Number of protein chains: 2
Amino acid sequence: MKKAMNCFSSQSTEERIKEAARQVFLEKGFDGATSRDIAEAAGINIALTNYYFRSKEKLFVTIFEEITEFFFTGMSAILSKPISLREKIAELIEHDFRMLRENPRLINFILNEVHRNPERMGKMIGLQKVLHHSMLDEQVQQEVRQGTIRPISSMHLMTMMVSNIHFLFVSKPMTTQIWNMTEDEFTKFADAHKNLVIDMVTNYLFESEKA
Amino acid sequence: MKKAMNCFSSQSTEERIKEAARQVFLEKGFDGATSRDIAEAAGINIALTNYYFRSKEKLFVTIFEEITEFFFTGMSAILSKPISLREKIAELIEHDFRMLRENPRLINFILNEVHRNPERMGKMIGLQKVLHHSMLDEQVQQEVRQGTIRPISSMHLMTMMVSNIHFLFVSKPMTTQIWNMTEDEFTKFADAHKNLVIDMVTNYLFESEKA
DNA sequence: AGTTTTTTTAAACAAACATTTAAAATCTTG
DNA sequence: CAAGATTTTAAATGTTTGTTTAAAAAAACT
């Protein structure tokens, strides 16, 4: 009654549209992407995007929420892990690095669309915010009290970790253009930088340990 | 023969259009901005944008080049200063921070438009690249040879400094939204983070000095 | 002054856009 | 197979886009 099968495609039409929309929106943003772009990428008629999703806007919201959930879920899981702060820092950086290496346009997309419509982020963060902050904050402040790390807020620590990794990919188009890098050269540079960042952040944080 | 004076505006019409275009393009990007947006912001007839600049594209290129030049010039000047590496790091970070605090949309704009049209960056960087790299690279490698700083390439050092400051503003809409920050709270947080970054980078780099 | 050039305007232009319609094609089910 | 529901299509919708036109207004010049 509901589901129909396509002759020459393993995916449902709805899923094909979403996958095409994901790709096109990630690449061009909401303003830069057209309904025809998406239809063409999905190999379907233009009217179908409005048959399955009622509008370009609604289709966008659907995939935006999926993408932001994907973006935050992995981070959130690591922040909740029962591991040492040192391990947690390394794992979070490694995770974000892997995620963005596979999806370089992810942050640009999210950051741009949040700027275009800040309220959109409102619903998403209800749980995310609580999880993120409390879990890490408790652990950080405990270590601060014990004197094992410098006095620092979890917000600054989080910003430090995230900035150094995320900006690598936010600025990838400019970096590769300015330094005339190939894709491989960038990958190598980024990987080396990631290790450097782990080193720098942990060294800075746990500096009071040595001496 | 050439110049005409406006009755009720101190600026020339051409300059008013450029100023409006600067504001609208920075806020919405090329795709999100319309000719009517710009005309309205400038308080002029729509046809005038095409009378002074031949097209939306040409107007965009004009202000894009001005903006990128503004963006790079200050950095370049500091990188060429005859000061110690330690001073140079602090000055560069302070400069970028000030510049982006006054123009928070600057990097988003440049990064997005470079991604949309990578060739556009080509002309700009001819001199910039040379300046940037050689000036800093020489100084860094000398300090490395002297053992005063960790072994590091100027590219990684540059990336470290820039990432930590620039991402603060790239992610400003998301940060303020997620942590429910007011403009003032963000300003304070960003300022504290900037100082933390200077501390972290210099501590990491010059670590071999103490002990 | 009057004439020419420059600037500004209202109106219209074609192209691109998101969206809708109505009919055709396909699948589902009794 | 045949009736009904679902999916897909081609075509057209009205709106917004960037751009042009032709006339009006202002300024410059002799």
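The basis for the numbers below is simple: all heavy atoms, side chains too, and nothing from hydrogens, waters or symmetry mates. Owing to the predicted nature of the structure, the values given are computational and were not obtained by experimental measurement. Chain identifiers are assigned alphabetically (A, B, ...) following the order of the sequence lines, protein sequences preceding nucleic acid strands; residue numbering begins at 1 within each chain.
- Here B:S35 does not reach the OP1 or OP2 of D:dT17: none of its side-chain N or O atoms lies under 4.0 Å away.
- Distances shorter than 4.0 Å separate none of the side-chain N or O atoms of A:N50 from OP1 or OP2 on C:dA18.
- A salt bridge links A:E57 with A:R120: the distance from a Lys NZ or Arg NE/NH1/NH2 to an Asp or Glu carboxylate oxygen falls below 4.0 Å.
- Outside the 6.0 Å centre-distance limit, the rings of B:H95 and B:F71 are not counted as a close aromatic pair.
- Note that the CE atom of A:M181 and the OG1 atom of A:T187 stand 9.5 Å from one another [nearest 0.5 Å].
- With sequence neighbours excluded, the residues satisfying side-chain hydrogen bond (donor to acceptor under 3.5 Å, both in side chains) with B:E27 are A:H115.
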What N/O pairs connect the protein and nucleotides 12-16 of chain C at under 3.5 Å? Give each pair on its own line.
none

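- Side-chain contact, B:Y204 with A:D199: a donor N or O sits under 3.5 Å from an acceptor N or O.
- Recorded end-axis angle for the helix from C:dA1-D:dT30 to C:dA12-D:dT19 stands at 10°, based on five pairs per end and rounded to 10 degrees.
- For A:Y51, counting side-chain heavy atoms from C-beta on, the closest listed nucleotide (C:dT9, D:dT8, C:dT7) is D:dT8.
- When heavy atoms are screened at a 4.0 angstrom cut-off, A:Y52 is found touching the sugar-phosphate backbone but no base atom.
- The interatomic distance linking A:I44 (CD1) with D:dA10 (P) rounds to 12 Å, in whole Å.
- No contact: A:A39 has no heavy atom under 4.0 Å from any strand.
- With D:dT6, D:dT19, C:dT20 as the candidates, the nucleotide lying closest to the side chain of B:K56 is D:dT19.
- Note: A:K28 NZ to A:I38 CD1 = 10.0 Å, rounded to the nearest 0.5 Å.
- Using a cut-off of 4.0 Å between Lys/Arg side-chain N and Asp/Glu carboxylate O, B:E143 and B:R150 are scored as not salt-bridged.
- Closest-nucleotide positions on DNA chain D for B:T49 and A:N45 were compared, and the one nearer the 5' end corresponds to A:N45.
- Between B:H193 and B:F167, the gap from one ring centroid to the other reaches at least 6.0 Å.
- Spacing between atom CD1 of B:I17 and atom P of C:dT9 amounts to 10 Å, rounded to whole angstrom units.
- If you take CD of B:E15 and P of C:dT7, they are 15 Å apart, rounded to a whole angstrom.
- Contact annotation: B:T13 reaches the phosphate of C:dT8 (side-chain N/O to OP1 or OP2, under 4.0 Å).
- Here A:R22 pairs with A:E15 in a salt bridge; the nearest charged N to carboxylate O distance falls below 4.0 Å.
- What separates CZ of A:F60 from P of C:dC17 is a distance of 18 Å, to the nearest Å.
- In this structure, B:F25 has its ring center closer than 6.0 angstrom to the ring center of B:F60.
- The side chain of B:S55 lies closest to D:dT19, out of C:dT8, D:dT19, D:dT9.
- If you take CZ of B:F30 and P of D:dT17, they are 13 Å apart, rounded to a whole angstrom.
- When rounded to the nearest whole Å, the span between CG of A:L48 and P of C:dA24 equals 18 Å.
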